[in-house]
Amino acid sequence: YAINYYVGGYDVIGYHVVNISIHVCNAILLRAVIIGLGYSFSAGLSAALLFLVHPIATEPVNYISSRSDSLAAMFYLSAFWGYIKWCEHDRRSFLVGSLFCFLLALLSKSSAISLVILIPVYDYVYNCNCEWRLFWKNIWKKYKSLAAIAGFYIFGLNIIGFLNASFKNPVRGILDQFLTQIKALVFYLKLIFFPIGLNVDHQFFLGTTKQYAYWSALGLLLSLAAVIIFAYRKKIKLLVFFPFWALISLLPVTLMPLNILVNERRIYLATAALCAGVSVVAFSSKYKSKSIIVVAASVIILAGQAFQRNEVWLDEFSLWKDSIAKSPLGVRSHLYLGNAYKDLALVTPFESSERDQHWDNARSNYDIAIKKADGTGPLALRALNNLGAVCFSTNDFVGAEEAYRLAVEIDSSFIDALINLGTIYHNKGRSDSNPKNKTINIQTSIDYYNKAVNLSENNAIAWSNLGLAYADLALFVDAKRA
């Protein structure tokens with residue numbers, strides 16, 4: 001990102017060029033991995049092409065801040081390929097390169113830690129021929145460096161407090177997470193093999209044992225597990241390794257409860273693994289000529305779907321309107337569409353008649369988001385705060401105060417709303433000609449600003465506003481301190 005900014009500033013073209021380049025590199029690396037595993041050039045090329053044009057990749061490629069997924073995948077695949085080459089040639093440079101890429105993958109995204117499971121699975125299946133005795137023979141010697149890097153990384157996360165914060169305040173309980181992710185795994189399989197209805201914000205709900213969808217998903221997963229066990233007993237390596245690879249890549253996001261239940265960028269690596277598995281199966285059969293036709297047709301169909309999906313990512317309005325159409329109960333889509341209209345209103349000339357329409361569209365989307373969230377939760381808080389900003393910008397100060405006050409009632413520690421409420425009272429005081437009322441209102445604003453700085457002692461906006469409020473009351477020592 002720093003290099004992108006240095007070269008092109010905030011021009012999005014440069015960021016998209018880099019994202020596309022990373023994705024192309026990942027397709028090439030996937031081909032190298034397939035060939036490194038001992039499969040044919042055709043299987044490697046097929047896997048690369050299927051992955052290159054798969055519509056699932058449109059989110060991590062178009063969504064600039066989602067580069068972490070594709071960047072982590074690039075180093076992940078590089079590390080895996082380097083390890084395969086080390087096993088093949090026993091050259092230390094391959095091992096060092098593999099470990100370095102693994103470190104870079106972890107620094108890109110923590111989910112890359114699943115490589116510490118994938119590499120032993122690869123060794124067990126391909127180098128040990130599924131023989132436990134061979135696998136255990138040199139286990140410490142082969143994986144001590146890999147384990148050390150992973151261990152230091154986890155230790156670092158613990159030192160900075162990330163792990164403690166995540167486990168201390170999980171967004172959902174273990175049972176809810178398990179029931180939900182059982183459904184999610186089947187949902188992800190559907191998106192990979194039938195990428196229809198792709199959405200930046202899928203309408204997906206917590207799993208419960210009362211849902212038919214949960215039991216159907218559990219049954220399907222158990223059936224797939226039975227197929228993998230059968231393949232393991234028959235030592236059909238490709239049917240063991242590639243499904244395991246897909247599951248392993250999803251393990252971190254399956255175990256760790258996250259705010260968003262499902263999204264497409266999480267299955268970027270799983271898509272690569274299953275594209276590879278399908279290609280290997282296709283070109284390992286005796287019907288290679290027919291496989292070429294099927295793969296070519298699949299590439300064309302997937303490319304067409306990806307092209308259509310890219311058009312949806314053209315701008316914020318097309319993206320969030322598409323999401324609203326596909327997820328009518330969603331909250332986030334209305335929130336972000338409201339943000340898009342708000343930002344558009346801010347850059348529209350004052351004399352333009354379209355400016356008021358943009359404000360109205362922003363307000364209506366925030367109202368819908370608040371209603372669909374039942375007036376609770378972090379998305380409702382953000383919608384209320386932004387609704388207050390719209391009201392404030394359109395001189396509806398009463399509406400702004402109501403929105404901010406409701407946000408504070410829902411969450412008394414919501415800093416943005418506290419600051420904005422302080423601003424409301426600060427403006428009231430400045431515009432009031434009655435000295436007594438002026439003092440009361442500005443003192444009230446100081447109370448809100450102080451609450452904000454007590455919750456976030458490094459909040460520059462809160463301190464700056466607090467200083468101005470003190471200055472308005474001629475408390476210059478306090479103003480200087482703020």
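Quick caveat, the model's predicted, so the values are computed rather than measured. All heavy atoms count here, side chains included; hydrogens, waters and symmetry mates do not.
In this structure, the side chains of V33 and W245 come closer than 4.5 Å at one or more pairs of heavy atoms. You'll find the side chain of W313 reaches within 4.5 Å of the side chain of E59, heavy atoms only.
In this structure, Y5 has its ring center closer than 6.0 angstrom to the ring center of Y10. F397 has its ring centre less than 6.0 Å from the ring centre of F392. Aromatic ring centres of F75 and F100 lie farther apart than the 6.0 Å criterion allows.
Within 6.0 Å of atom CG in L220, more than 12 heavy atoms from other residues, nucleotides or ligands are found, so the atom counts as buried in its surroundings. Environment of CZ in F307: sparse, with no more than 12 heavy atoms of neighbouring residues, nucleotides or ligands closer than 6.0 Å. The environment of I160 atom CD1 is dense: over 12 non-hydrogen atoms of other residues, nucleotides or ligands sit within 6.0 angstrom. Heavy atoms from other residues, nucleotides or ligands lying under 6.0 Å from CD1 of I159 number more than 12. No more than 12 heavy-atom neighbours from other residues, nucleotides or ligands sit within 6.0 angstrom of CD1 on I13. Atom CD of E311 has more than 12 neighbouring heavy atoms from other residues, nucleotides or ligands inside a 6.0 Å radius. Few gaps surround OH on Y1; more than 12 heavy atoms of other groups in view lie less than 6.0 Å from it. Residue F187 places its CZ atom among more than 12 non-hydrogen atoms of other residues, nucleotides or ligands, all under 6.0 Å distant.
Residue pairs meeting the side chain to side chain donor-acceptor pair (under 3.5 Å) criterion with at least one member in residues 62-82, sequence neighbours excluded: N4-R67, N19-R67, N62-N310, S66-D69, D69-K109, Y76-S114. Pairs engaging residues 466-477 under the salt bridge (Lys or Arg N to Asp or Glu O under 4.0 Å) rule: R430-D472 [sequence neighbours left out]. Pairs of residues two or more places apart, or lying in two chains, that qualify as side chain to side chain donor-acceptor pair (under 3.5 Å) and include a residue from residues 193-204 are N199-S323, N199-S327, D201-R332, H202-E264.
Between the side chain of S46 and the main chain of A43, no donor-acceptor pair closer than 3.5 Å is present. In this structure, the side chain of K183 does not engage the main chain of A217 through any donor-acceptor pair within 3.5 Å. Not a single donor-acceptor pair under 3.5 Å links the side chain of T180 to the backbone N or O of Q177. Although no hydrogens or angles enter the test, the distance criterion places a donor-acceptor pair under 3.5 Å between the side chain of W463 and the main chain of E457. Listed for the S431 side chain is a donor-acceptor partner under 3.5 Å among the backbone atoms of K428.
In this view, D396 and R363 satisfy the salt bridge (charged side-chain N to carboxylate O under 4.0 Å, His left out) rule, not counting sequence neighbours. The salt bridge (charged side-chain N to carboxylate O under 4.0 Å, His left out) check on D416 picks up nothing, with sequence neighbours excluded. Scored by the side chain to side chain contact (heavy atoms under 4.5 Å, CB included) test, A417 finds N385, A407, V408, F414 as partners (sequence neighbours excluded). Applying the side chain to side chain contact (heavy atoms under 4.5 Å, CB included) rule to S412 yields no partners; only residues at least two apart in sequence or on another chain are considered. Scored by the salt bridge (charged side-chain N to carboxylate O under 4.0 Å, His left out) test, R172 finds no partners at all (sequence neighbours excluded). The side chain to side chain contact (heavy atoms under 4.5 Å, CB included) test applied to N434 returns D432, K436, N437, not counting sequence neighbours. Applying the salt bridge (charged side-chain N to carboxylate O under 4.0 Å, His left out) rule to R355 yields no partners; only residues at least two apart in sequence or on another chain are considered. The side chain to side chain contact (heavy atoms under 4.5 Å, CB included) check on N339 picks up L335, Y336, K342, Y366, N386, with sequence neighbours excluded.
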Assess the residue pair S318 and D315 against the criterion (side chain to side chain donor-acceptor pair (under 3.5 Å)); give the C-alpha distance rounded to whole Å, side-chain angles, the decisive distance to 0.1 Å, and a yes or no. CA-CA 6 Å; S318 58; D315 59 39; 3.2 Å; yes
Taking it one step at a time, do Y341 and F317 satisfy ring pair (Phe, Tyr, Trp, His ring centres under 6.0 Å)? CA-CA 8 Å; Y341 278 117; F317 299 99; 4.9 Å; yes
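Aromatic ring orientation, H23 versus Y268: tilted (interplanar angle from 30° to 60°).
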Could you pull out every donor-acceptor pair under 3.5 Å between side chains of residues 250-260 and any protein atom, sequence neighbours left out?
{"unit_1": "T254", "atom_1": "OG1", "unit_2": "L250", "atom_2": "O", "d": "2.6"}

